[in-house]
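Counting starts at 1 for both ligands and their atoms, in listed order.
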Amino acid sequence: MKEKSKKLLEESRKRRTYREFLPDPIDMEVIKNCVLTAGTAPNGADKQPWHFSIVTDPAMKAKIREEAEKVEKKFYESKITAEWQADLDKLDVNWEKPFLTQAPCLIVIFKEWYKTLEDGTKDQNYYVNESIGISIGFLINALRNAGLASLTYTPAPPTFLRTLLGRPEGETPVMVLVVGKPDPNYKLPILKKKSFEEIAEII
Ligand code: IYR
């Protein structure tokens, strides 16, 4: 038990968010297994309130990039506060999102508030925010375990993703998980994880 928990900690510590990826295509079976792992997450009333749009088509990736860069330009030019910009300085991010066309796979993740049934009634979901968060955590760890890097990319507002991907009104896009083999030339920012004492207490 101790050994296994330590091993997972060590492996998890090696996970890093990449913003540059190799263009090599990835095996769809691996992606499917990881998405199915995400689907095992605990969730409200087991309604499984999520949808994963797996995008590998270069034309769709280009459209997503185009729309994302429009909202990011506005964000960096007029919405971001000085404090937020200072917090982001260590990450070296700006409105340009080349990884959206460079990475071989984008997993666009939607949370499902309700499903509209054939008779027009709404089938309601519960604890949707909690459920989708847990599920995305499972997905990121599954991808890491498979040797793939990922980036949690959250355009604000993300609404264009529902239009582009034709998802129903009961769903809201949460993020684009950018997936691929990590580019070994990417200069990883220096980040330090908090200690046990900083994040937890035993009562
Ligand atoms: N969505 C923007 C800004 C951004 C915000 C946070 I908080 C980050 O951790 C990273 C970026 C962007 O992707 O550039």
Side-chain angles (χ1 to χ4, degrees), residues 12-23 26 34 38 50-111 128-144 148-165 167 171-195 198-199:
S12 301
R13 277 189 169 144
K14 282 189 227 137
R15 187 205 61 77
R16 292 299 309 264
T17 291
Y18 275 74
R19 287 190 163 74
E20 286 172 27
F21 299 84
L22 299 180
I26 39 186
C34 294
W50 37 62
H51 178 86
F52 302 89
S53 292
I54 301 164
V55 180
T56 58
D57 173 39
M60 181 54 86
K61 287 196 287 180
K63 276 191 207 163
I64 292 174
R65 178 175 174 184
E66 196 185 323
E67 293 303 314
E69 288 184 336
K70 275 188 212 161
V71 299
E72 293 298 353
K73 249 191 159 165
K74 269 195 204 145
F75 173 76
Y76 283 98
E77 276 168 16
S78 52
K79 287 195 196 164
I80 195 167
T81 60
E83 188 186 4
W84 196 347
Q85 181 64 69
D87 276 333
L88 289 184
D89 282 349
K90 62 177 177 287
L91 298 182
D92 198 21
V93 286
N94 60 44
W95 65 269
E96 286 177 294
K97 302 296 166 195
F99 49 74
L100 292 173
T101 46
Q102 180 187 52
C105 180
L106 308 178
I107 306 179
V108 186
I109 303 165
F110 295 85
K111 55 185 172 186
V128 170
N129 288 327
E130 293 81 352
S131 303
I132 199 73
I134 300 168
S135 165
I136 294 170
F138 276 33
L139 178 56
I140 293 168
N141 210 30
L143 292 163
R144 176 204 57 75
L148 291 168
S150 64
L151 161 65
T152 46
Y153 171 54
T154 49
T159 27
F160 67 88
L161 292 163
R162 183 171 62 198
T163 317
L164 275 183
L165 293 159
R167 297 308 303 165
E171 292 179 14
T172 307
V174 178
M175 69 171 68
V176 180
L177 197 64
V178 185
V179 180
K181 292 191 188 131
D183 183 342
N185 294 322
Y186 174 59
K187 222 175 140 276
L188 286 162
I190 298 160
L191 305 174
K192 194 180 162 294
K193 294 298 171 196
K194 291 180 182 173
S195 67
E198 285 171 299
I199 65 168

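Contacts with ligand 1 closer than 4.0 Å are made by side-chain heavy atoms of Y153 only, the backbone lying farther away.
Residues T17 and P189 fail the side-chain proximity criterion, which asks for heavy atoms closer than 4.5 Å. The shortest distance between side-chain heavy atoms of K90 and L191 falls below 4.5 Å. Here the side chains of F160 and E66 are not in contact, with every heavy-atom distance at 4.5 Å or above.
Atoms of ligand 1 found under 4.0 Å from any heavy atom of F75, numbered from 1 in the order shown, are 3 (C).
Within 6.0 Å of CG on D89 lie more than 12 heavy atoms contributed by other residues, nucleotides or ligands.
Annotation: T154 places an N or O atom under 3.5 Å from an N or O atom of ligand 1; distance criterion only. Between W84 and ligand 1, no N or O atom pair is found at a separation short of 3.5 Å. For a threshold of 3.5 Å applied to N or O pairs, the pair formed by R19 and ligand 1 contains no separation below that value.
Given atom 12 (C) of ligand 1, the protein heavy atom at minimum distance is K97 NZ, 3.2 Å. Distance from atom 9 (O) of ligand 1 to its nearest protein heavy atom, with residue and atom name: L91 CD1, 3.7 Å. Of the protein's non-hydrogen atoms, the one nearest atom 3 (C) of ligand 1 is Y76 OH, 3.4 Å. The protein atom (non-hydrogen) at minimum distance from atom 2 (C) of ligand 1 is E72 OE1, 3.3 Å. When only non-hydrogen protein atoms are considered, atom 10 (C) of ligand 1 lies nearest to L88 CD2, 3.7 Å.
One N or O on the side chain of K61 and one on the backbone of A103 form a donor-acceptor pair closer than 3.5 Å.
The aromatic rings of F75 and W84 sit perpendicular, their planes meeting at an angle over 60°, well past the 30° parallel limit.
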- Given side chain to side chain contact (heavy atoms under 4.5 Å, CB included), test R15 with I140 step by step and report yes or no. CA-CA 9 Å; R15 187 205 61 77; I140 293 168; 3.8 Å; yes

